[in-house]
There are 2 protein chains.
Amino acid sequence: MTSFTEENYLKAIFHLCENKNGLAVSTNELAEITQTRAASVSDMLRRLSEKELILYKKYQGVTLTEEGKSIALKIIRKHRLWEVFLVEKLGFGWDEIHEIAEELEHIDSKVLTERLDNFLGNPKFDPHGDPIPDEKGNMPSQVSFKLSEAVINTELVMLGVSEDSAPFLQHLDKLSLHLGAKLRVLDVSGYDQSLHIEINKAGTIHISKEVACSILVSKK
Amino acid sequence: MTSFTEENYLKAIFHLCENKNGLAVSTNELAEITQTRAASVSDMLRRLSEKELILYKKYQGVTLTEEGKSIALKIIRKHRLWEVFLVEKLGFGWDEIHEIAEELEHIDSKVLTERLDNFLGNPKFDPHGDPIPDEKGNMPSQVSFKLSEAVINTELVMLGVSEDSAPFLQHLDKLSLHLGAKLRVLDVSGYDQSLHIEINKAGTIHISKEVACSILVSKK
DNA sequence: ATAAAAATTTAGACTAATCTAAAAATTTAT
DNA sequence: ATAAATTTTTAGATTAGTCTAAATTTTTAT
Ligand SMILES: [Mn+2]
Ligand SMILES: [Mn+2]
Ligand SMILES: [Mn+2]
Ligand SMILES: [Mn+2]
């Protein structure tokens, strides 16, 4: 059995690896993301390694074994399914769900997960646009790029966000930037790289480079 | 903050107290219900007492303080709401939900609980007929008595069960004994006190005294 | 009223998860 | 290539929750 804590570590390793294209994750990175000290991480890595959930060479960072990856994907599946539930069924905003899903993701019942998935209509993406792995851990793929890298005047669709802090998501809400919105970059400032964009052919707004970097889009 | 474990102890004390009409609960009773040893219980009681969640005098048993009771009722509220969700929304049988609800009841989010309550239509009773406390901890009350104590030939409605083990509930399923069923006791055996009962004016069955003792009914 | 039995608590030990401080290894800069 | 800085690990301690075995208290039976 994997504990609540072990599951959080595996998930953190998975996410960090993902952002680094498979490169090994460092102790300090994990300490930061799990809100603990490096010493605690070292100790946990030793234990996860004994359980063969990670590949770990002292001082050389860590990656997941197949089994570790499989567990991480199951947690991520549950996290994202519960997020869909919270938004679609209970009417939560996308900025309010992360902490609750952090707890729900550890509920240990295969049949519950599969029934929930069905109840929700087998969604492929969560409310932040993140892909929901299937029972076997396969992620639906979706080609997307940062809004900040879009070609001017191209028709775009907003598919996701790469940050999910509440303040960021609330900021997007204020600007009416929701998943599915049709976007078009009208202009990029030469001074601060802020973007002037059109939303749903209706109005236009200005957004900072930082915001544009965290918005994921595809060509329409 | 109360831990997962502390919450389970408080809930156990609440339920045991309930069955004894407010009398103090013994260490051994708690050890049995929490699946631990008496020594572990003693230790936990010392800690809960320090937190002023229970009234505890060594060797004299334990009762809940108002605060302890309030926490226990919040957990029970969540347990029963999640049970309704599992049956009404996800299609689980009443025999499959207890263990899952044991985990879900510890999810700590007031707003989640209240939104779930609304989503479910503010149910007053769970799938086993047990009352769901409201936000303030008030239990809806319902007068019921054991089927084994019913007067012969009276019209009855099945309101709940006082045991919720899967084998017992599955046994009731096989006999088509569901909440809301209209029952009538036709006869009680002088030999083994087994009952001959009519269900929904449709058919009749024989049930043992033990089963009849765990079925709660009211006059129609 | 004593002794035996049962229930409960204490003592001492263990594991998981964490911490701080110190030691060791690796990386970076001169 | 060596020293300095940074990262990581180890050592030793702490807390929650559990256990077994022993001691203590309460209850029951003679
Ligand atoms: Mn989590
Ligand atoms: Mn998400
Ligand atoms: Mn529980
Ligand atoms: Mn129930």
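Here is the naming used below: chain letters follow the sequence lines, and residue numbers restart at 1 for every chain.
From A:Leu116, atom CG reaches atom CG of A:Leu81 across 5.5 Å, with rounding to the nearest 0.5 Å.
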Practice problem: List the protein contact pattern of nucleotides 6-17 of chain D with one symbol per nucleotide (5' to 3'): B for base contact, S for sugar-phosphate-only contact, - for none; contact means a heavy-atom distance under 4.0 Å. | Solution: -SBBB------S

Side-chain polar contacts of residues 159-166 of chain B - donor-acceptor pairs under 3.5 angstrom, sequence neighbours left out - could you list them?
from, atom 1, to, atom 2, distance (Å)
B:Glu163, OE2, B:Ser165, OG, 2.7
B:Ser165, OG, B:Phe168, N, 3.3

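Exactly one residue among A:Glu105, A:Glu135, A:Glu114 makes a salt bridge (charged side-chain N to carboxylate O under 4.0 Å, His left out) with A:Arg77. That residue is A:Glu114.
Closest heavy-atom contact between A:Ala101 and A:Glu83: CB-CG, 3.6 Å. Closest of all the heavy-atom pairs between B:Trp94 and B:Leu179 is CZ3-CD2, 3.9 Å.
Under the 6.0 Å distance and 45° angle rule, B:Lys89 counts as a cation-pi partner of B:Phe119.
At least one donor-acceptor pair closer than 3.5 Å links the side chain of A:Lys124 to the backbone N or O of A:Asn122.
Between B:Arg37 and the phosphate of D:dT18, there is no side-chain N or O to OP1/OP2 separation shorter than 4.0 Å.
Donor-acceptor pairing under 3.5 Å is lacking for the side chains of B:Ser26 and B:Asn28.
Bracketed by its first and final contacts, the part of DNA chain C lying under 4.0 Å from non-hydrogen atoms of chain B reaches from C:dA7 to C:dT10 in 5' to 3' order.
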